[in-house]
Number of protein chains: 2
Amino acid sequence: MKPTIYDVAKRAGVGIGTVSRVLNNSSQITPETKTRVLHAIRELKYQPHAMARGLARNKTHMMAIILPSFTGYFYLELLRGIQQEITKYQYDMVLYNVDNPDRTDLFLQRTLRERRVDGVLLVSLPISEKYKERYLRAGFPIVLVDNMHDELDSVSVENEQGAYLATTHLIKQGHSRVGMIDAQLKSIPAQIRLNGYKKALKDNHVPFVESYLVISDTNTDKDGFNRQAGYDAMKQMLGLPDRPTAVFISSDVQAAGALRALQESGLKTPQDMAIVGFDDIELAQYLGLTTIHQPLFEMGRTAVEHLIHMIGNHETERLNRCFSTHLVIRDSCGAKQLLNN
Amino acid sequence: MKPTIYDVAKRAGVGIGTVSRVLNNSSQITPETKTRVLHAIRELKYQPHAMARGLARNKTHMMAIILPSFTGYFYLELLRGIQQEITKYQYDMVLYNVDNPDRTDLFLQRTLRERRVDGVLLVSLPISEKYKERYLRAGFPIVLVDNMHDELDSVSVENEQGAYLATTHLIKQGHSRVGMIDAQLKSIPAQIRLNGYKKALKDNHVPFVESYLVISDTNTDKDGFNRQAGYDAMKQMLGLPDRPTAVFISSDVQAAGALRALQESGLKTPQDMAIVGFDDIELAQYLGLTTIHQPLFEMGRTAVEHLIHMIGNHETERLNRCFSTHLVIRDSCGAKQLLNN
DNA sequence: GGAAGTTCTGGAAGCGCTTCCAATGTTTCC
DNA sequence: GGAAACATTGGAAGCGCTTCCAGAACTTCC
């Protein structure tokens with residue numbers, strides 16, 4: 001059987017309290033005693049039982065990461081950032097994968113009640129009024145990532161500014177018919193990106209044309225942030241009279257589908273249709289896609305850092321960090337060719 | 001404060017033992033009593049404390065997934081399979097990300113001693129002799145994924161057969177100078193894939209040419225399974241006298257780099273150089289890369305299923321499941337064009 | 001020299017559960 | 001009618017830790 005703290009105490013000829021104190025290097029202990037205990041620990045290859053410790057302390061040293069089905073480039077990068085910071089603080093991460101956003105509450109309930117984790121990172125998922133209240137009331141640490149909230153801590157990205165950047169860039173390339181392919185508007189980022197698009201049009205005195213905004217509803221998986229939706233939307237856009245010569249697409253995955261549609265129709269990018277995506281996922285490099293970069297790694301790091309701070313200190317100032325985006329110019333927007341001239 | 005089992009017991013007018021039994025629906029309990037307890041539970045919104053339960057049962061209902069820096073398409077798909085199965089069994093997954101394979105032991109030690117998890121899935125990482133012994137001795141459930149072992153349970157893929165398939169396919173397309181771009185040979189899969197390649201050459205009476213095997217050592221990140229290594233290797237291959245007209249590349253990420261190199265050199269795929277990759281990561285679709293598909297999702301599922309079985313039953317028969325691969329024909333090998341004729 | 005601190009240490013109590021044992025009530029069977 | 005078997009329940013003990021309290025061993029100070 002695994003050695004317990006009692007075995008260590010006996011071996012070192014001290015009390016269990018002393019062993020515990022050495023383990024948590026709390027209060028002053030004679031260097032000599034400490035060495036003895038440390039010796040015994042090493043000899044027995046003792047390591048504290050995580051559950052027992054958790055129960056006694058009411059702290060688990062784990063945090064939950066709740067995110068939508070994480071099979072996306074987007075989340076990989078975010079997870080990398082989270083990972084790095086979490087390791088630094090010697091925390092463990094428990095991953096909860098939500099395939100249906102409506103079921104988010106289920107996980108929020110579990111994490112709150114079961115007390116398996118010390119805090120929660122809720123990624124790209126909305127929190128219901130009910131659970132917002134519960135978390136606040138319980139003072140249970142939670143940080144929203146890729147999401148904003150008036151009453152909760154959050155780390156997000158300036159979606160509007162990003163969309164604005166993308167659209168403005170296309171207009172600056174000389175396009176006057178600039179369309180947008182968006183995801184389902186029930187998604188908050190989709191809404192905000194649309195706002196940015198509209199604002200850019202307005203600021204540049206380009207009229208907003210209703211039919212130039214295409215949202216495919218053939219495939220609403222992941223709120224329309226998927227390849228097929230982008231493909232379908234582009235097909236639809238190509239059928240438009242006086243179709244746009246440039247399009248801002250609300251995500252890179254959709255853009256990948258759109259590019260495919262263009263290719264199939266024998267159209268060239270950027271000559272026949274200039275494109276700017278959003279997210280700067282790894283794929284964008286391969287496709288030569290001009291896109292909006294979000295500092296995902298940094299966001300992950302920041303979120304974890306703040307969450308751990310919240311776990312340690314009961315009263316912390318609320319954090320609502322909003323990272324800004326930047327444009328990454330590749331081949332799909334036509335700006336590079338211009339540079340070469 | 002959160003309600004405990006005592007609160008529930010008091011409210012329902014029963015003993016804590018009874019509540020516990022209802023919770024674990026063990027032994028017989030009068031339906032009437034059961035209803036009363038269930039009522040009390042609902043009224044108090046009671047949920048058992050995971051740590052306390054874990055301590056008492058010596059079971060955590062969590063499993064560790066130890067994998068190399070998981071920022072790869074490869075692991076996403078695997079994780080999806082793991083995820084699905086784990087959810088089915090109501091387990092939680094704790095992710096441990098190992099950036100340096102040499103540090104694997106550190107995590108193996110923690111999981112074994114801290115008893116934070118009931119079992120371990122060790123993905124794509126070698127296990128040292130020392131820890132193999134320890135795990136066996138402790139009877140601690142562990143399943144290797146994407147790895148084989150004589151004495152431990154494992155779920156892997158037929159790398160040799162896959163490489164054989166790929167190489168044979170290229171030869172069948174009429175190529176007589178078929179090269180291979182491999183990763184670092186210290187990686188076991190890289191070795192085995194090389195074997196498959198050689199075997200295919202031999203079986204088809206194509207001589208093995210030493211210089212046609214290119215392994216870039218400019219970038220050995222992830223044992224050479226990276227984009228840059230593929231790019232460099234292809235550049236090198238293009239400089240060869242009587243260079244190959246077809247190449248089997250040991251991973252899709254490397255193939256992506258190789259394609260880039262070809263493109264830069266103004267060469268066309270598959271006309272000037274036919275290519276078959278390995279892994280069938282999502283990117284392969286976008287690139288039109290012919291490749292070897294591994295049933296990653298299924299592997300993840302199987303591994304979890306077996307691990308849970310091991311956790312439940314002390315003595316289980318050893319599982320050494322080896323999934324077979326299949327060829328996915330896309331544009332990069334030239335077979336499609338043939339079909340069209 | 002002894003009261004009053006100070007420093008270090010031992011171990012009981014308690015964290016919230018499961019599980020075992022004993023107790024009580026109920027039925028069955030001769 | 002009573003012994004034996006069975007069904008149901010209550011609650012103590014124990015899982016392995018932390019923490020608090022009290023005691024022991026030294027110092028310090030008048």
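No hydrogens, no waters, no symmetry mates; every other heavy atom, side chains included, goes into these values. Throughout, a chain's letter reflects where its sequence line sits, starting with A, and its residues are numbered from 1.
Atom CG of B:Leu121 sits about 7.5 Å away from atom CD1 of B:Ile86, to the nearest 0.5 Å. Summarising the geometry, atom CD1 belonging to A:Ile82 is positioned 15.0 Å from atom OH belonging to A:Tyr91; distances are rounded to the nearest 0.5 Å.
Out of C:dA12, C:dG10, C:dG16, the shortest distance to the side chain of B:Thr4 is found at C:dG16. Distances were taken from every side-chain heavy atom of B:Tyr46 (C-beta onward) to each of C:dG11, C:dC17, D:dG10; the shortest belongs to C:dC17. Listed nucleotides: D:dG10, D:dC17, C:dT18. Nearest to the side chain of B:Arg53: C:dT18.
For residues 38-56 of chain B, every residue pair satisfying the salt bridge (charged side-chain N to carboxylate O under 4.0 Å, His left out) rule, not counting sequence neighbours, is listed here: B:Arg11-B:Glu43.
Between the side chain of B:Arg21 and the base of D:dG10, a donor-acceptor pair under 3.5 Å is found.
A close approach under 4.0 Å does not occur between any side-chain nitrogen or oxygen of A:Thr33 and OP1 or OP2 of C:dC8.
Across all strands, A:Ser20 comes closer than 4.0 Å to base atoms (heavy-atom distances). Residue contacts for A:Leu55: at a heavy-atom cut-off of 4.0 Å it reaches a base atom on one of the strands shown.
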Any chance you could list the contact pattern along nucleotides 22-28 of chain D? Use B for base contacts, S for sugar-phosphate-only contacts and - for none, protein heavy atoms under 4.0 Å, 5' to 3'.
-> -------
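Side-chain contact check for A:Ile29 versus A:Val37: every heavy-atom pair is 4.5 Å or farther apart.
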